[in-house]
Amino acid sequence: MSSSTQPSSRGSSPPSGALPLRRSQFTYRNLSQMASYNTSCPLRVIAHIDLDCFYAQAEMVRLGVAEDQPLAVQQWQGLIAVNYPARAYGIGRMCTVTEAKKLCPNLITQHVATWREGEDKWAYRDDAAENIATDKVSLDPYRLESRRILATIKDHLPSHMQKVEKASIDEVFLDLSAHVHAVLLERFPEIARPPPSGDPSEPLPMPSVSALDWQADALVDLDDEHAEFDDPDWDDVAMLVASEIVRNVRAAIRDKLRYTCAAGIARNKLLSKLGSAHRKPNQQTVIRNRAVWHFLSGFKFTKFRNLGGKLGEQVSQIFNTESVEELLVVPIEQLKLKLGDDTGVWVHNTLRGIDMSEVSPRTQIKSMLSAKSFRPSINTVDQATRWLRIFVADIFARLVEEGVLENRRRPKTINLHHRHGVQTQGQTRSRSSPIPQGRSLDEETLFGLANTLLNQIIQDGHVWPCSNLSLSVGGFEDGISGNMGIASFLLRGEEAQALTDGPRTRAESKLKEQSQPPEKRRRIDDGGIQRFLTRKETPSPLDPIDALAEDNGAETSRVRETKLDSDAPSLPDEGPVLQANDETAIGGHLCARCGACLESSESLQSHQDWHFAKDLQEEEHGRLGFGNQASTTAASPHSGGRRSGPAAPKRPGRPKKTERGQQKLSFG
DNA sequence: TCTTCTGTGCTCACCAC
DNA sequence: GTGGTGAGC
Ligand SMILES: Nc1ncnc2c1ncn2[C@@H]1O[C@H](COP(=O)(O)OP(=O)(O)OP(=O)(O)O)[C@@H](O)[C@H]1O
C-alpha cells in the first residue's frame, strides 16, 4: 500500500551502482520531459489555484469593504458565497439571510446583480430579492472578474509557457513543468549540460543544495518518519521552484486585483487540487512526491475528484469503507473484478495519487447558458416569451463581452430547455437549432431562433405549468477552424496558445480520464481501431496534434496495467515512447520535421502550417533564459506530442475513451 | 469552513441514438 | 448532429 507511492524506494535503487557519487533517482531524459509537458514525466509540476470564497471577494472588491468585514452574497433568500470573516460566525451556504443576520448582525448581504424586464442591462438592485418573479440573476460580474484574474495569471507566466486550464469560474490549473525546467537549467548549470555519457537515461547528479528554503506560506506537508532524512532530489527542487512561481502569481493577483486565493502544488492535477483545498484561505500547499502517501492516507476517497458521486458511493458500498488507507490494501484484481477493468485500474491509481490527465490549455468558453427557475410556475406563452427576451439579452451581452462578434468565434447552435411540472421534479425537454452562419449575429436573430424553439416545444404539448426555462448557445470551438490560411495561425492570445498546445490538448482529450458513471460498461472494442483512425472532430489545426497523440499506446498500457509508477515518485518513468512504429503501422503521412504521423495529407499540411506558425511565434518571443537549447524542443510537437502520452488511467468507466484506451493497448 | 446539508444558476463531458 | 444525464463549482 504505502510503498507504492512512498518514497521508501527513494534513493535505494540507483540504476548504476558503479557511480562514485550519489545520483539522483531522475535521469536526463526525465528532466527534458519537463520541457515538453510530458504527462508521465516524474518531475512534472502542476499547480491548482482556487480563489477564496470567490463571489464574496468579488463583492468585497466591488464595494470596497474592509478585509475583515463579514459579507455574504445573496441570491433570493439564500446565500451562495460567504467570506471567511462571516464563516467565523458559523454562517454557511445553507443559511438563509435571516438566520445569517441573526448570527452576525453586522453581516453585509449583497444580492447578486439581476436583469429586469424593460432594462437593457443587468444591475445591482436593492429590491432584487423581492422580485424573484420578475428578475433574472446575472452572474456576469463574476465572469468578468474571473477573466481579469485569468489574464493576470497568464501575464505572470512567460508568454510561451502559459499552460493554463480554466477549471471553473474560480479555479485554474497550471502546468509549470516547462517553466520550472527553464529555471532549473538556469540555476543549476550542471544539469544544463548534456549527460557525460551521452546517454539520456543516465541519472542526474544530485542537486547541489542540501536543504530547501520553503517560504513561510508554502506549506510543506509532513512526511512520515523517514522522509526528511533524504537529501532533496530534483523533484523536491522542482516543487520549490514551482512554489516560488505560484507565490509570485498569487502576489500579483493580490496586489493588482485585491483577491486572495489558495493554491496547491504537486505532480498532477488530482494532488494539486487536493492541496489547494487543504489550507484555506490565502495559503499554498506543496505536496512533494515523498509526502504523497502521507497526505492521501488521511482522506476519505469520496473527496477525490470523480469519487464524490455515484462511483464513490458504489465503491464504499462494495468495500465497506470510505478510507483511502483501507482501500489501498485491496488488490487491483479485486477492484477490476468489482468495478470493471478500467474503473478498477482508475480507482487503484487514483487512490495512490496517480493522475496523468493533461492540463488542457483551454480558457475560452464552449457554451453559455441563461436560466430561470419559476416559483411559482409560469403558465402562458406570453410569460415564456418575455423570459426569452431576457435570456437573449443576457446571452447577447455575454457574447459581445467575449468578443465573439469581432472574432470569427461564434456559437453554432442554440438550445432551449424546458422543465414541465412543479419544483425540481418533472420531465425536461429541449430543442436546438443551428445558428445561421452567413450574416452577422444580432439580438433579434437570436430572439427569433429562441422563439422558434419555444414554439416547437409548445407543439409537443405538456408544457404548462413550466418550472424552468433555459436558453443556451454553444459550439464555439469550431469557430477557429474553418479554412486555415497562414493568417489564421497568426492569432493572438489564447487562440494562438491553443494552437501551440494543441497536440497535448488533443492528446488529453482522447485518453485522458473522463468522469463516468460506473454503470456504463464500456465496451472494449468495437469501433475500435477504425474509429480511432478516422475520428474527426474538428477540422482544425489541432488535428495534426491528435495524430501525434495517437501513439502513446505503450505507455498507456504500461500504466494501466499496474505499476503505478510512472506517475509515482519512486519510479522515474522511462518512456517507451521513442519509436514511431505505431504511426507507421497505421500508415499515415509522416512529417519530415518531427516524425509525426498524420491521418491525411490534409492533416499533414495543417501540421506543417503549425510548425510554421510555431516558428514564427518562437522567433517573435525570442529565446527565454534557457540554459541550453531545450526550449526548441519544449513545445514542439515531436517531443511533446509523441511522447506525451495520455498514459492517463482513464476514468471510471467511460466507454468512448475507453475504446481509445483499449485501442492503444492493442497497439502497445 | 470544508459540495456530509439547501436552491439556483451555471459549465463541461459523456452517452445513445 | 440531437437530446438526455451526471458531476462539479
Ligand atoms: N451549487 C452552487 N450553486 C451556485 N453557485 C455555486 C455553487 N457552488 C459554488 N458556487 C459558486 O462558485 C464559486 C466558487 O465555488 P467554490 O466551491 O470554490 O467555493 P468558494 O465560495 O470560492 O469558497 P472557498 O474559499 O471554499 O473556495 C463560489 O463563490 C460560489 O458562489
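Atoms considered below: every heavy atom in the structure, side chains included; atoms not considered: hydrogens, waters and symmetry mates. Every chain is numbered from 1, with letters handed out A, B, ... down the list of sequences.
- Salt bridge status for A:Lys269 with A:Glu165: present, with a side-chain N to carboxylate O gap under 4.0 Å.
- When the nucleotides C:dG1, C:dT2, B:dA13 are ranked by their closest atom to the side chain of A:Arg362, B:dA13 comes out on top.
- The backbone N or O of A:Ala262 lies less than 3.5 Å from no partner atom in the side chain of A:Arg250, so there is not a single donor-acceptor pair.
- Proximity note for A:Lys273 (side chain, C-beta onward) versus B:dT1, B:dA13, C:dC9: the nearest is C:dC9.
- Across the P atoms, B:dG7 and B:dC14 are found 29 Å apart, a figure rounded to whole Å.
- Ionic pairing of A:Arg148 and A:Glu145 is present here: one or more N-O contacts between side-chain nitrogen and carboxylate oxygen are shorter than 4.0 angstrom.
- Using a 4.0 Å cut-off, no side-chain N or O of A:Lys303 falls inside it from OP1 or OP2 of C:dG8.
- Distances from the side chain of A:Lys310 to the nucleotides C:dG1, C:dG6, C:dT2 place C:dG6 closest.
- Phosphate contact (OP1/OP2 of B:dC10, side-chain N/O of A:Ser168, threshold under 4.0 Å): absent.
- Under 4.0 angstrom from either OP1 or OP2 of B:dT1 there lies no side-chain N or O belonging to A:Arg279.
- Taking atom P on both B:dT8 and B:dC12, the two are 22 Å apart, rounded to the nearest angstrom.
- For A:Val137, the listed nucleotide lying nearest its side chain is B:dG9; candidates were B:dC10, C:dT2, B:dG9.
- Relative to the side chain of A:Ser432, the nucleotides B:dT6, C:dG3, C:dC9 differ in distance, and C:dG3 lies closest.
- Under 4.0 Å is where a charged nitrogen must lie from a carboxylate oxygen, and between A:Arg62 and A:Glu59 at least one such pair does.
- You won't find any donor-acceptor pair under 3.5 Å spanning the side chain of A:Arg431 and the base of C:dT2, going by distance alone.
- Listed nucleotides B:dT4, B:dG9, B:dT1 differ in distance to A:Arg87; the shortest reach to its side chain belongs to B:dT1.
- Of the side-chain N and O atoms in A:Arg143, one or more sit less than 4.0 angstrom from OP1 or OP2 of B:dT11.
- Distance alone, capped at 3.5 Å, is enough to place a donor-acceptor pair between the A:Asn268 side chain and the A:Leu271 backbone.
- Taking the nucleotide of DNA chain B with the nearest heavy atom to each of A:Arg398 and A:Gly92, the more 5' of the two is matched to A:Gly92.
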